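Being a predicted model, the structure only gives us computed values, none of them experimental.
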Amino acid sequence: MRIDVVTIFPEFFQVLDVSLLGKARQRELVDARVHHLRDWTSDVHGTVDDAPFGGGAGMVMKPDVWGRALDDVLETGAHLVLPSPAGVPFTQAMAAELATEPQLVFACGRYEGIDARVPQHYADAGFRVSEVSLGDYVLNGGEVAAYAMIEAITRLLPGFMGNAQSIVEESHSDGLLEYPSYTRPASWRGLEVPDVLLSGHHGKVAQWRHEQQLERTRERRPDLLPPEA
Ligand code: 6GU
(Lines give C-alpha, C1' and ligand atoms only; values in the text may rest on other atoms or scores of the structure.)
Protein backbone atom coordinates (compact mmCIF):
# COMPACT_ATOMS: atom_id res chain seq x y z
CA MET A 1 0.00 0.00 0.00
CA ARG A 2 1.13 3.51 -0.84
CA ILE A 3 0.50 6.22 1.79
CA ASP A 4 1.22 9.91 1.26
CA VAL A 5 0.88 12.57 3.93
CA VAL A 6 0.82 16.30 3.13
CA THR A 7 1.43 18.55 6.14
CA ILE A 8 3.09 21.76 7.31
CA PHE A 9 4.66 19.66 10.13
CA PRO A 10 6.50 16.81 8.40
CA GLU A 11 8.63 16.26 11.54
CA PHE A 12 5.52 14.90 13.31
CA PHE A 13 5.79 11.84 11.10
CA GLN A 14 9.23 10.71 12.26
CA VAL A 15 7.06 8.32 14.27
CA LEU A 16 6.50 6.39 11.00
CA ASP A 17 10.08 5.10 11.23
CA VAL A 18 9.61 3.30 14.53
CA SER A 19 7.56 0.42 15.88
CA LEU A 20 5.74 -2.23 13.83
CA LEU A 21 4.95 0.30 11.12
CA GLY A 22 8.65 1.07 10.70
CA LYS A 23 9.30 -2.66 10.18
CA ALA A 24 6.45 -2.89 7.68
CA ARG A 25 8.07 -0.06 5.72
CA GLN A 26 11.42 -1.84 5.79
CA ARG A 27 9.68 -4.97 4.50
CA GLU A 28 8.08 -2.79 1.77
CA LEU A 29 4.54 -3.76 2.83
CA VAL A 30 3.90 -0.02 3.20
CA ASP A 31 5.41 2.73 1.06
CA ALA A 32 4.84 5.86 3.18
CA ARG A 33 5.95 9.31 2.03
CA VAL A 34 5.64 12.61 3.85
CA HIS A 35 5.44 15.90 1.95
CA HIS A 36 5.87 19.47 3.16
CA LEU A 37 2.91 21.60 2.02
CA ARG A 38 5.16 24.68 1.88
CA ASP A 39 6.98 23.11 -1.09
CA TRP A 40 3.89 24.08 -3.11
CA THR A 41 3.66 27.72 -1.98
CA SER A 42 4.38 30.46 -4.50
CA ASP A 43 5.43 33.47 -2.36
CA VAL A 44 8.68 34.12 -0.46
CA HIS A 45 6.91 33.76 2.90
CA GLY A 46 5.51 30.31 2.10
CA THR A 47 1.96 31.44 2.89
CA VAL A 48 -0.49 28.55 3.37
CA ASP A 49 -3.45 30.32 5.00
CA ASP A 50 -5.63 33.42 4.77
CA ALA A 51 -8.57 35.07 6.57
CA PRO A 52 -12.00 33.41 6.27
CA PHE A 53 -14.57 34.90 3.89
CA GLY A 54 -17.52 36.02 6.00
CA GLY A 55 -15.29 36.83 8.94
CA GLY A 56 -14.64 34.95 12.16
CA ALA A 57 -11.73 33.66 14.18
CA GLY A 58 -8.71 31.83 12.83
CA MET A 59 -7.30 31.26 9.38
CA VAL A 60 -8.27 28.97 6.52
CA MET A 61 -5.76 26.98 4.46
CA LYS A 62 -5.58 28.19 0.87
CA PRO A 63 -7.14 26.06 -1.90
CA ASP A 64 -4.54 27.04 -4.52
CA VAL A 65 -1.64 25.71 -2.44
CA TRP A 66 -3.49 22.49 -1.54
CA GLY A 67 -4.57 22.07 -5.16
CA ARG A 68 -1.00 22.17 -6.48
CA ALA A 69 0.14 19.75 -3.77
CA LEU A 70 -2.67 17.24 -4.26
CA ASP A 71 -2.45 17.39 -8.08
CA ASP A 72 1.15 16.21 -7.71
CA VAL A 73 0.57 13.58 -5.03
CA LEU A 74 -2.76 11.93 -5.98
CA GLU A 75 -2.44 9.03 -8.39
CA THR A 76 -5.26 7.39 -10.33
CA GLY A 77 -7.47 5.43 -7.91
CA ALA A 78 -6.23 7.27 -4.82
CA HIS A 79 -8.49 7.81 -1.80
CA LEU A 80 -8.10 11.32 -0.33
CA VAL A 81 -8.57 11.47 3.46
CA LEU A 82 -9.02 14.80 5.25
CA PRO A 83 -8.79 14.47 9.04
CA SER A 84 -11.28 16.93 10.55
CA PRO A 85 -13.29 17.20 13.77
CA ALA A 86 -16.23 17.92 11.42
CA GLY A 87 -15.78 14.61 9.58
CA VAL A 88 -17.66 11.32 9.78
CA PRO A 89 -16.50 9.08 12.67
CA PHE A 90 -13.49 6.86 11.99
CA THR A 91 -14.34 3.24 12.82
CA GLN A 92 -12.77 -0.21 12.62
CA ALA A 93 -15.02 -0.90 9.59
CA MET A 94 -13.65 2.20 7.85
CA ALA A 95 -10.09 1.16 8.70
CA ALA A 96 -10.77 -2.23 7.08
CA GLU A 97 -12.16 -0.57 3.93
CA LEU A 98 -9.27 1.88 3.64
CA ALA A 99 -6.82 -1.02 4.06
CA THR A 100 -7.96 -2.32 0.64
CA GLU A 101 -7.11 0.91 -1.25
CA PRO A 102 -4.03 1.17 -3.49
CA GLN A 103 -3.12 4.71 -2.35
CA LEU A 104 -4.22 6.80 0.63
CA VAL A 105 -3.41 10.51 0.70
CA PHE A 106 -3.83 12.27 4.06
CA ALA A 107 -4.27 16.05 3.77
CA CYS A 108 -3.49 17.40 7.24
CA GLY A 109 -5.12 20.75 7.89
CA ARG A 110 -4.20 23.17 10.65
CA TYR A 111 -5.89 26.32 11.93
CA GLU A 112 -9.60 26.39 11.11
CA GLY A 113 -9.26 23.82 8.36
CA ILE A 114 -8.83 23.68 4.59
CA ASP A 115 -10.95 25.69 2.13
CA ALA A 116 -14.09 23.58 1.63
CA ARG A 117 -13.70 23.61 -2.18
CA VAL A 118 -10.65 21.33 -1.94
CA PRO A 119 -12.51 18.10 -1.02
CA GLN A 120 -15.35 19.16 -3.35
CA HIS A 121 -12.97 19.58 -6.29
CA TYR A 122 -11.30 16.17 -5.90
CA ALA A 123 -14.64 14.40 -5.41
CA ASP A 124 -15.89 16.10 -8.61
CA ALA A 125 -12.70 14.93 -10.34
CA GLY A 126 -13.64 11.32 -9.53
CA PHE A 127 -11.45 10.59 -6.52
CA ARG A 128 -12.86 8.96 -3.41
CA VAL A 129 -12.75 11.68 -0.73
CA SER A 130 -13.47 11.22 3.00
CA GLU A 131 -13.52 13.84 5.74
CA VAL A 132 -12.96 11.78 8.87
CA SER A 133 -12.97 12.52 12.63
CA LEU A 134 -11.33 10.50 15.39
CA GLY A 135 -13.95 11.42 17.95
CA ASP A 136 -15.80 14.20 19.70
CA TYR A 137 -12.93 16.39 20.84
CA VAL A 138 -10.71 18.94 19.09
CA LEU A 139 -7.03 18.50 18.20
CA ASN A 140 -4.84 21.33 16.92
CA GLY A 141 -4.52 19.76 13.51
CA GLY A 142 -4.89 16.62 11.44
CA GLU A 143 -1.39 15.22 12.03
CA VAL A 144 -1.99 13.15 15.17
CA ALA A 145 -5.35 12.00 13.79
CA ALA A 146 -3.74 10.95 10.49
CA TYR A 147 -1.11 8.92 12.34
CA ALA A 148 -3.79 7.17 14.44
CA MET A 149 -5.69 6.27 11.26
CA ILE A 150 -2.52 5.09 9.49
CA GLU A 151 -1.74 2.79 12.41
CA ALA A 152 -5.29 1.38 12.53
CA ILE A 153 -5.26 0.79 8.74
CA THR A 154 -1.76 -0.61 8.17
CA ARG A 155 -1.97 -3.19 10.97
CA LEU A 156 -4.82 -4.79 8.97
CA LEU A 157 -2.66 -5.30 5.86
CA PRO A 158 -2.03 -8.99 5.10
CA GLY A 159 1.35 -9.95 6.55
CA PHE A 160 1.61 -6.95 8.87
CA MET A 161 0.93 -8.82 12.11
CA GLY A 162 2.69 -12.00 13.20
CA ASN A 163 -0.47 -13.39 14.78
CA ALA A 164 -3.61 -13.04 12.64
CA GLN A 165 -5.83 -14.49 15.41
CA SER A 166 -5.04 -11.53 17.66
CA ILE A 167 -6.76 -9.28 15.08
CA VAL A 168 -9.81 -11.55 14.91
CA GLU A 169 -10.19 -11.57 18.72
CA GLU A 170 -9.58 -7.93 19.52
CA SER A 171 -11.97 -5.17 20.55
CA HIS A 172 -14.47 -3.98 17.94
CA SER A 173 -13.88 -6.71 15.31
CA ASP A 174 -17.02 -8.48 16.68
CA GLY A 175 -18.78 -5.28 17.75
CA LEU A 176 -18.03 -5.83 21.48
CA LEU A 177 -15.22 -4.63 23.74
CA GLU A 178 -12.44 -7.09 24.47
CA TYR A 179 -12.53 -9.32 27.58
CA PRO A 180 -10.01 -8.64 30.41
CA SER A 181 -6.65 -10.46 30.17
CA TYR A 182 -4.35 -11.78 32.91
CA THR A 183 -0.89 -13.33 33.12
CA ARG A 184 1.41 -14.70 35.87
CA PRO A 185 1.54 -14.39 38.82
CA ALA A 186 -1.92 -15.84 39.58
CA SER A 187 -1.96 -13.83 42.81
CA TRP A 188 -0.73 -10.21 42.83
CA ARG A 189 -1.13 -7.67 45.64
CA GLY A 190 -4.02 -9.69 47.02
CA LEU A 191 -5.81 -9.80 43.66
CA GLU A 192 -6.55 -13.24 42.19
CA VAL A 193 -6.92 -14.25 38.55
CA PRO A 194 -10.48 -15.61 38.00
CA ASP A 195 -10.50 -19.37 38.74
CA VAL A 196 -12.06 -20.31 35.42
CA LEU A 197 -8.92 -19.15 33.58
CA LEU A 198 -6.80 -21.60 35.60
CA SER A 199 -9.26 -24.49 35.06
CA GLY A 200 -7.93 -25.64 31.69
CA HIS A 201 -11.56 -25.98 30.52
CA HIS A 202 -11.56 -24.29 27.10
CA GLY A 203 -15.37 -24.24 26.72
CA LYS A 204 -15.87 -22.57 30.09
CA VAL A 205 -13.07 -20.08 29.39
CA ALA A 206 -14.69 -19.11 26.06
CA GLN A 207 -18.11 -18.71 27.72
CA TRP A 208 -16.68 -16.61 30.58
CA ARG A 209 -14.84 -14.35 28.15
CA HIS A 210 -17.98 -13.79 26.09
CA GLU A 211 -19.93 -12.88 29.26
CA GLN A 212 -17.16 -10.46 30.23
CA GLN A 213 -17.33 -8.85 26.78
CA LEU A 214 -21.08 -8.33 27.13
CA GLU A 215 -20.77 -6.98 30.69
CA ARG A 216 -17.97 -4.56 29.79
CA THR A 217 -19.80 -3.36 26.70
CA ARG A 218 -23.05 -2.83 28.68
CA GLU A 219 -21.12 -0.89 31.31
CA ARG A 220 -18.76 1.21 29.15
CA ARG A 221 -20.27 1.35 25.65
CA PRO A 222 -24.01 0.60 25.74
CA ASP A 223 -24.26 2.44 22.40
CA LEU A 224 -22.53 -0.56 20.74
CA LEU A 225 -25.24 -3.03 21.80
CA PRO A 226 -28.41 -3.64 19.73
CA PRO A 227 -31.50 -2.01 21.24
CA GLU A 228 -33.08 -4.36 23.82
CA ALA A 229 -35.79 -6.66 22.53
CL1 6GU B 1 -9.46 14.13 12.48
N2 6GU B 1 -8.81 16.50 13.43
C3 6GU B 1 -8.80 17.44 14.40
N4 6GU B 1 -8.18 18.59 14.17
N5 6GU B 1 -9.38 17.28 15.57
C6 6GU B 1 -9.99 16.12 15.77
C7 6GU B 1 -10.03 15.11 14.82
C8 6GU B 1 -9.43 15.33 13.64
N9 6GU B 1 -10.72 14.07 15.32
C10 6GU B 1 -11.08 14.44 16.54
N11 6GU B 1 -10.64 15.67 16.81
Are [X] and [Y] connected in the hydrophobic side-chain network, where two residues link if heavy atoms are under 4.5 Å apart?
| X | Y | value |
| --- | --- | --- |
| V88 | V105 | yes |
| W208 | L191 | no |
| V144 | V18 | yes |
| M61 | F53 | no |
| L157 | I150 | yes |

Could you check whether [Y] and [X], counting side-chain N and O atoms only, form a donor-acceptor pair closer than 3.5 Å?
| X | Y | result |
| --- | --- | --- |
| H35 | T7 | no |
| Y147 | E143 | no |
| D72 | W40 | yes |

Hey, are the side chains of [X] and [Y] touching, using non-hydrogen atoms and a 4.5 Å cut-off?
| X | Y | value |
| --- | --- | --- |
| M1 | L29 | no |
| R110 | M59 | no |
| V118 | L70 | yes |
| H201 | V196 | no |
| C108 | V5 | yes |
| L197 | V205 | yes |
| F127 | P119 | no |
| L16 | I3 | no |

Counting only heavy atoms not in [X], do more than 12 sit closer than 6.0 Å to its [atom1] atom?
| X | atom1 | value |
| --- | --- | --- |
| D124 | CG | yes |
| D136 | CG | no |
| E219 | CD | no |
| R117 | CZ | no |

> Between R209 and E178, does at least one N-O distance fall below 4.0 Å, as a salt bridge requires?
Replying inline: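 No, R209 and E178 are not salt-bridged.
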> Can we say R128 and E101 salt-bridge, meaning some charged N sits less than 4.0 Å from an Asp/Glu carboxylate O?
Replying inline: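 Counted as a salt bridge, because a side-chain N and a carboxylate O are separated by less than 4.0 Å.
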Could you tell me the separation between the [atom1] atom of [X] and the [atom2] atom of [Y], rounded to the nearest 0.5 Å?
| X | Y | atom1 | atom2 | value |
| --- | --- | --- | --- | --- |
| F106 | H79 | CZ | NE2 | 9.0 Å |
| L156 | T100 | CG | OG1 | 10.5 Å |
| L214 | L224 | CG | CG | 11.5 Å |
| E75 | D4 | CD | CG | 7.0 Å |
| L177 | T217 | CG | OG1 | 4.0 Å |
| D71 | L74 | CG | CG | 7.5 Å |

>> Determine whether E192 and S187 satisfy the following criterion, side chain to side chain donor-acceptor pair (under 3.5 Å), listing intermediate values before the conclusion.
In response: CA-CA 5 Å; E192 310 301 323; S187 178; 3.0 Å; yes
> Is there a side-chain contact (heavy atoms from CB on, under 4.5 Å) between V34 and F9 once you walk through the steps?
Replying inline: CA-CA 9 Å; V34 181; F9 293 115; over 6 Å; no
>> Under the criterion side-chain contact (heavy atoms from CB on, under 4.5 Å), I'd like the reasoning laid out for K62 against D115: C-alpha separation, chi angles, the key distance, then a yes or no.
In response: CA-CA 6 Å; K62 291 165 61 59; D115 186 299; over 6 Å; no
> Does the side-chain contact (heavy atoms from CB on, under 4.5 Å) test come out yes or no for Q213 and D174, once each step is laid out?
Replying inline: CA-CA 10 Å; Q213 285 192 282; D174 62 0; 3.3 Å; yes
>> Could you report the tightest heavy-atom contact between V129 and A123, atom names first, then the distance?
In response: CG2-N, 3.5 Å
> Where do A107 and L80 come nearest, in terms of heavy atoms and distance?
Replying inline: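 Reported closest heavy-atom pair: CB-CD1, 4.1 Å.
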> Can H36 and V6 be said to form a side-chain contact (heavy atoms from CB on, under 4.5 Å), step by step?
Replying inline: CA-CA 6 Å; H36 199 326; V6 184; over 6 Å; no
